[in-house]
Q: 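Pasting a structure below so you can have a look.
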Amino acid sequence: MAPERTAPERTALVGPAELEQARQRIAGTVVRTPLLPCPWADDGQHTLLLKPENLQPTGAFKLRGAFNRLAALTPEEAARGVVAQSSGNHAQAVAYAARRLGVRAVVVMPDTSPAVKVDATRAYGAEVLVVPPEERDTLPPRLVAEHGYVHVPPYDDPYVIAGQGTVGLEIAEDAAALGAAVDTVLVPVSGGGLISGVAAAVKHTMPGVKVVGVEPELAADARESLRTGALVAWPVDRTYRTLADGLRTTSLGRLPFEHVRAYVDDIVTVTEDEIRQAVAVLARRARTVAEPSGAVAAAAHLFRGADLPPGGTRVAVVSGGNVDPRLLAELLAA
């Protein structure tokens with residue numbers, strides 16, 4: 001379990017006001033995804049509910065944060081255009097939000113991004129710059145300096161965090177409507193925007209509920225950061241070993257790290273084989289298409305229950321479903 005830690009200054013954290021403002025901005029664009037019961041996953045002690053963010057128009061939760069950020073631009077900022085970096089899901093979200101709002105978007109993507117994500121980003125109208133992984137995070141600041149674009153980072157931004165936090169608001173409301181006494185919310189972890197927002201929302205609306213992050217063993221920088229109390233980074237050649245391309249970020253963002261320290265109870269890891277199995281199980285049993293990154297939270301419930309807090313009902317966020325069809329076929333055939 002995570003060590004004792006001191007909460008950061010409250011002013012650095014997203015709170016109820018920012019979450020509610022985000023909810024209002026994204027209404028009408030972002031889908032309110034349901035909580036799906038999974039009776040096939042019951043083991044006699046634990047039940048599972050899925051939060052299927054793969055049902056968003058762009059196939060992932062990232063639309064929430066991206067649209068909230070772009071919708072908050074001033075007219076002067078919107079006229080300058082935006083630049084973002086992403087392996088795929090944030091890229092598509094920014095491109096889609098920009099098209100909806102009439103804003104120019106330039107997106108920097110690593111050359112390891114799945115073709116399905118690159119093609120979808122271009123199809124939404126963004127200019128896509130494909131670069132080596134080492135340049136993904138360094139090129140956007142240069143483009144800001146050269147062209148005056150507004151930077152829309154994938155996770156290290158309060159508007160992005162608040163937008164992702166609407167996932168947590170919906171979980172709280174829908175669990176109450178279902179009469180489900182949720183004990184633990186499982187959230188995939190990459191740069192930390194999703195778990196930061198969800199954890200903030202859950203802790204403000206569902207006191208006592210545990211929030212646990214899940215990441216691949218091959219990209220476990222966030223777990224190391226939480227358990228040591230210091231923000232650490234793993235090199236690209238380590239994090240890019242995992243099949244879960246959306247979770248290859250080398251470290252938590254600085255603002256997400258503050259939220260994780262304040263609100264997240266623990267971070268656990270899953271193996272590559274468990275991720276692969278979870279994708280197949282979700283497709284066969286839940287009729288839910290999840291990319292490897294989106295399947296890690298369900299994998300923790302299915303295979304790492306002993307590492308999770310005690311309690312009867314867990315919610316697993318399926319963060320995205322933008323999986324290459326050939327990879328999905330391979331995982332289903334295994």
Side-chain angles (χ1 to χ4, degrees), residues 2-3 5 60 62 83-91 107-115 117-118 128-144 151-157 160-161 187-196 212-261 264 266-276 291-297 299-300 304 307 319-320 322-324 327:
R5 64 265 191 192
K62 290 284 191 176
V83 63
Q85 76 268 32
S86 168
S87 64
N89 286 336
H90 181 63
V107 181
V108 177
M109 303 183 71
D111 57 19
T112 52
S113 300
K117 296 184 179 182
V118 176
V128 176
L129 304 177
V130 179
V131 301
E134 295 81 2
E135 296 181 25
R136 190 193 84 153
D137 295 328
T138 59
L139 181 56
R142 298 206 305 269
L143 296 176
V144 169
H151 188 203
V152 182
Y155 45 82
D156 211 346
D157 181 276
V160 170
I161 290 172
V187 188
V189 183
S190 183
L194 177 61
I195 195 167
S196 294
V212 176
V214 187
E215 62 183 346
E217 283 186 352
L218 297 183
D221 58 278
R223 182 179 66 169
E224 183 177 342
S225 294
L226 177 61
R227 295 189 176 186
T228 62
L231 184 59
V232 300
W234 284 24
V236 167
D237 61 357
R238 290 187 71 187
T239 63
Y240 272 66
R241 296 173 300 165
T242 180
L243 181 68
D245 62 278
L247 306 183
R248 291 171 177 166
T249 305
T250 57
S251 73
L252 291 168
R254 294 195 175 276
L255 185 55
F257 181 48
E258 298 306 310
H259 285 74
V260 166
R261 289 173 58 203
V264 174
D266 197 15
I267 296 177
V268 301
T269 63
V270 290
T271 67
E272 295 298 293
D273 185 58
E274 289 164 349
I275 294 170
R276 288 172 174 270
E291 60 190 279
S293 304
V296 296
R304 294 300 179 97
D307 298 333
S319 55
N322 292 315
V323 60
D324 185 292
L327 174 60

Q: Is there a side-chain contact between Leu327 and Leu243, using heavy atoms and a 4.5 Å cut-off?
A: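 Of all side-chain heavy-atom pairs linking Leu243 with Leu327, at least one is under 4.5 Å.
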Q: Restricting to non-hydrogen atoms, name the atom on Asn322 and the atom on Glu291 that form the minimum distance, rounded to 0.1 Å.
A: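 Here Asn322 and Glu291 meet closest at N-OE2, 3.0 Å.
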Q: With side-chain contact (heavy atoms from CB on, under 4.5 Å) as the test, pick out the partner of Ile195 among Val212, Val260, Ile161, Val214.
A: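 Single side-chain contact (heavy atoms from CB on, under 4.5 Å) partner of Ile195 among Val212, Val260, Ile161, Val214: Val260.
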Q: Please round to the nearest 0.5 Å and tell me the distance separating atom CE of Met109 and atom NE2 of His90.
A: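 The CE atom of Met109 sits 11.0 Å away from the NE2 atom of His90.
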Q: Could you check whether any side-chain heavy atom of Val160 comes within less than 4.5 Å of a side-chain heavy atom of Pro154, counting everything from C-beta outward?
A: no
Q: Tell me every residue that passes side-chain hydrogen bond (donor to acceptor under 3.5 Å, both in side chains) with Thr138, counting only those two or more places apart in sequence or in another chain.
A: none
Q: To the nearest 0.5 Å, how far apart are CG in Leu143 and CD in Gln85?
A: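 Result: 10.0 Å between the selected atoms.
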Q: If the condition is salt bridge (Lys or Arg N to Asp or Glu O under 4.0 Å), which residues does Glu224 pass it with, not counting sequence neighbours?
A: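 So Glu224 forms no salt bridge (Lys or Arg N to Asp or Glu O under 4.0 Å) with any residue.
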Q: Would you say that Ser196 contacts Leu255 through its side chain, given a criterion of any heavy-atom pair below 4.5 Å between the two side chains?
A: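 A side-chain contact under 4.5 Å is absent here.
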Q: Side chains of Asp266 and Arg227, heavy atoms from C-beta outward: is any pair under 4.5 Å?
A: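 Asp266 vs Arg227: side chains touch.
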Q: Would you indicate whether the side-chain heavy atoms of Thr239 and Thr249 approach each other to under 4.5 Å?
A: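 They are not in side-chain contact.
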Q: Heavy atoms, side chains only, cut-off 4.5 Å: are Pro256 and Asp156 in contact?
A: yes
Q: What residues, two or more places apart in sequence or in another chain, satisfy side-chain hydrogen bond (donor to acceptor under 3.5 Å, both in side chains) together with Thr242?
A: Glu272
Q: List in chain and number order the residues that pass side-chain hydrogen bond (donor to acceptor under 3.5 Å, both in side chains) with Glu134, two or more places apart in sequence or in another chain; answer none if no residue qualifies.
A: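 By the side-chain hydrogen bond (donor to acceptor under 3.5 Å, both in side chains) rule, Glu134 matches no residue at all.
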Q: If you round to the nearest 0.5 Å, how far is OG1 of Thr112 from CZ of Arg248?
A: 5.5 Å
Q: When you measure from the side chain of Glu135 to the backbone of Pro132, do you find a donor-acceptor pair of N or O atoms at a distance under 3.5 Å?
A: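 Checked: no pair found.
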Q: Apply side-chain contact (heavy atoms from CB on, under 4.5 Å) to the pair Val236 and Thr250, showing each step before the final yes or no.
A: CA-CA 6 Å; Val236 167; Thr250 57; 3.8 Å; yes
Q: Pick out which of Leu252, Leu226, Leu247 makes a side-chain contact (heavy atoms from CB on, under 4.5 Å) with Val189.
A: Leu252
Q: Can you list the residues that meet the salt bridge (Lys or Arg N to Asp or Glu O under 4.0 Å) rule with Asp245, with sequence neighbours excluded?
A: Lys117
Q: Considering non-hydrogen atoms only, spot the tightest contact between Ser319 and Ser293 and give its length.
A: OG-O, 3.6 Å
Q: Closer than 3.5 angstrom, by distance alone: can the side chain of Ser251 be matched with the main-chain N or O of Ala233 as a donor-acceptor pair?
A: no
Q: In this structure, which one of Arg241, Arg238, Arg304 forms a salt bridge (charged side-chain N to carboxylate O under 4.0 Å, His left out) with Glu217?
A: Arg304
Q: Please report the shortest heavy-atom distance between Ser86 and Gly88, naming the atom on each side.
A: OG-N, 2.8 Å
Q: Shortest non-hydrogen contact from Pro114 to Ser87?
A: CD-O, 4.0 Å
Q: Output all residues satisfying side-chain hydrogen bond (donor to acceptor under 3.5 Å, both in side chains) with Ser225, sequence neighbours left out; order by chain, then residue number.
A: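 Expected list: none.
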Q: For Pro133, does its backbone N or O pair with a side-chain atom of Arg136 as donor and acceptor, under 3.5 Å?
A: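 Checking the backbone N and O of Pro133 against the side chain of Arg136, no donor-acceptor pair under 3.5 Å is found.
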Q: Quick one: closest heavy-atom pair of Pro188 and Ala297, and the distance?
A: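 In this case the closest contact between Pro188 and Ala297 is CD-CB, 4.1 Å.
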Q: Rounded at 0.5 Å granularity, tell me how far CD1 in Ile275 sits from OG1 in Thr269.
A: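 If I round to the nearest 0.5 Å, the distance is 9.0 Å.
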